[in-house]
**Student:** 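The structure is given below, and queries will be raised subsequently.
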Amino acid sequence: MTEPESVKSVRLMLDSNLADVFLVGLAIRGICSYVPLGDVMAYQTEVCIVEAVNNAIRHAYGNEAGHEVEIGVTLHLDRIVFEVCDTGPGMIPQAPNKEPFDPGDLENIPEGGMGLTIIHSVMDEVAYVKTGRKNVLRMSKHFDSSHRCPGLGKAQ
Amino acid sequence: MQLQDEKIGNVMVVRLLDKRVDASIAVDFKERMARLINEGNNLIVLDMEAVDFIDSSGLGAIVSSLKAIGRNGDLVIGGLSRMVLSMFKLTRMDRVFRIFQDTDEAVRALSG
């Protein structure tokens, strides 16, 4: 089956090992360098995907190696869509904490739980869906489609 | 994880040598910092010049270190890249930590 015009995609597979997540980060960094996001936004996008993969490893698989995390990247003309998939128990992630902390209140400055907040702050769309056995965290980042990515366009 | 520590006067400079401060090293980092703090080092400059990536686990580990020092000292940060600084700003951690352009400036601030 041929892909629709102007959509390119790739899927990465990772074992559920936190030590290997950096490879996904580097791959995302490379892909995002191709997309008109700007360097800071491209970097923050990498962080979002790393956060999502970390969450899958920790919460879907209890930090146990030997399970699969799948990362899909789809490049459209005006947005890039990421899907981070696991086959764990499928708990819906808690909504990000919207209460700002008091920077002067040392004891209550968060040490964890910032991953989803980061994702929701950076990404334009975030959705959690279940597809068969897979739990999918789908994140989209829009960009200015007037700056067309080389290679996106009609299929050859 | 790789880090180097150097005492300058009463300030401990901790240089992070890893490029990525992420979930894979966060626990080790916390433990190494806890050891330094338990040894009595309560004025710490975290030199992050070599770091080009940090995630929430890395940020959390640095917060943990600040909490370990408590009110009787300080942990400040030097040498953040524009990208890593953007994560501090995104998570409002730039309001928690004093951040300096470079390590020398940070050491002077804590020594004064």
Side-chain angles (χ1 to χ4, degrees), chain A residues 14 16-26 28-29 32-33 37-59 63 65 69 96-123, chain B residues 1-2 18-31 33-34 37 42 44 48 50-77 80-99:
Chain A
L14 178 78
S16 52
N17 185 344
L18 288 174
D20 296 345
V21 176
F22 81 98
L23 290 169
V24 171
L26 295 178
I28 298 302
R29 182 183 295 193
C32 286
S33 71
L37 285 173
D39 53 0
V40 172
M41 191 52 67
Y43 164 79
Q44 293 182 354
T45 299
E46 177 191 346
V47 175
C48 287
I49 306 326
V50 166
E51 296 288 352
V53 173
N54 287 346
N55 282 350
I57 291 172
R58 285 189 177 120
H59 303 302
N63 254 331
V69 182
N97 184 5
K98 292 192 175 171
E99 281 297 315
F101 60 85
D102 176 1
D105 181 6
L106 186 61
E107 286 76 33
N108 290 313
I109 296 169
E111 293 179 49
M114 289 181 272
L116 276 181
T117 303
I118 290 169
I119 290 169
H120 281 268
S121 297
V122 172
M123 291 293 169
Chain B
M1 69 160 303
Q2 298 179 77
D18 290 279
K19 283 187 159 190
R20 296 177 79 91
V21 182
D22 61 12
S24 69
I25 66 163
V27 172
D28 190 19
F29 172 79
K30 275 170 65 168
E31 289 172 357
M33 290 296 290
I37 292 163
N42 65 345
I44 295 180
M48 296 184 62
V51 177
D52 72 3
F53 180 90
I54 193 164
D55 64 10
S56 64
S57 303
L59 286 168
I62 299 174
V63 169
S64 172
S65 302
L66 179 67
K67 288 182 177 183
I69 288 176
R71 301 268 175 214
N72 296 322
D74 203 357
L75 185 155
V76 303
I77 296 176
L80 288 183
S81 73
R82 203 160 55 92
M83 307 302 174
V84 176
L85 178 60
S86 79
M87 290 313 300
F88 276 78
K89 288 181 175 177
L90 189 69
T91 55
R92 299 175 75 238
M93 290 299 166
D94 60 324
R95 300 180 195 195
V96 173
F97 296 95
R98 285 197 286 163
I99 296 170

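We name chains A, B, ... by the order of the sequence lines, and we start the count at 1 in each one. Side chains are part of it too, since the values below use all heavy atoms of this structure and drop only hydrogens, waters and symmetry mates. All figures in this text were calculated on a predicted structure; none of them were measured in a lab.
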**Student:** Side chain from CB out, backbone as N, CA, C, O: work out which of these in B:Arg95 comes under 4.5 Å of a heavy atom of chain A, or both, or neither.
**Tutor:**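 For B:Arg95, heavy atoms of backbone and side chain both lie under 4.5 Å from chain A.
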**Student:** Relative to chain A, which segment of B:Ile54 carries a heavy atom at a distance below 4.5 Å: side chain, backbone, both, or neither?
**Tutor:**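 For B:Ile54, backbone and side chain are both near chain A.
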**Student:** For a 4.5 angstrom cut-off between non-hydrogen side-chain atoms, does B:Asp74 reach B:Ile69?
**Tutor:**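 SC-SC contact between B:Asp74 and B:Ile69 ruled out.
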**Student:** Which atoms of B:Phe97 come close to chain A, meaning under 4.5 Å heavy atom to heavy atom: side chain ones, backbone ones, both, or neither?
**Tutor:**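 Contact with chain A: none, neither part.
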**Student:** Looking at A:Ile57, A:Val122, A:Asp20, A:Asn54, which makes the most heavy-atom pairs under 4.5 Å with chain B?
**Tutor:**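 Of A:Ile57, A:Val122, A:Asp20, A:Asn54, A:Asn54 has the most heavy-atom pairs under 4.5 Å with chain B.
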**Student:** State, without any angle test, whether A:Thr117 and B:Arg92 hold a side-chain donor-acceptor pair at a distance under 3.5 Å.
**Tutor:**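 Judged by distance alone, the side chains do not pair up.
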**Student:** Please state whether the side chain, the backbone, both or neither of B:Lys30 comes within less than 4.5 Å of a heavy atom of chain A.
**Tutor:**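 The side chain, not the backbone.
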**Student:** Looking at B:Asn72, I'd like to know if its CG atom is crowded, meaning that more than 12 non-hydrogen atoms belonging to other residues, nucleotides or ligands lie closer than 6.0 Å.
**Tutor:**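 Open: at most 12 neighbouring heavy atoms sit under 6.0 Å from CG of B:Asn72.
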**Student:** Counting only non-hydrogen atoms closer than 4.5 Å, does B:Ile62 touch chain A with its backbone (N, CA, C, O), its side chain (CB onward), both, or neither?
**Tutor:**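 For B:Ile62, no heavy atom lies under 4.5 Å from chain A.
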**Student:** Once salt bridge (Lys or Arg N to Asp or Glu O under 4.0 Å) is applied, do any residues pair with A:Arg29, and if so which ones, sequence neighbours excluded?
**Tutor:**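 Residues passing salt bridge (Lys or Arg N to Asp or Glu O under 4.0 Å) with A:Arg29: A:Glu46, B:Asp52.
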**Student:** List the residues meeting side chain to side chain donor-acceptor pair (under 3.5 Å) with B:Arg82, not counting sequence neighbours, and say none if there are none.
**Tutor:**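 Listed in chain order: A:Asp39.
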**Student:** Donor-acceptor check, side chain of B:Asp55 to backbone of A:Val47, threshold 3.5 angstrom: yes or no?
**Tutor:**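 Side chain of B:Asp55 to backbone of A:Val47: no pair is present.
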**Student:** Heavy-atom distances under 4.5 Å only: say whether A:Val21 touches chain B with side chain, backbone, both or neither.
**Tutor:**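 Answer is neither: A:Val21 stays 4.5 Å or more from chain B.
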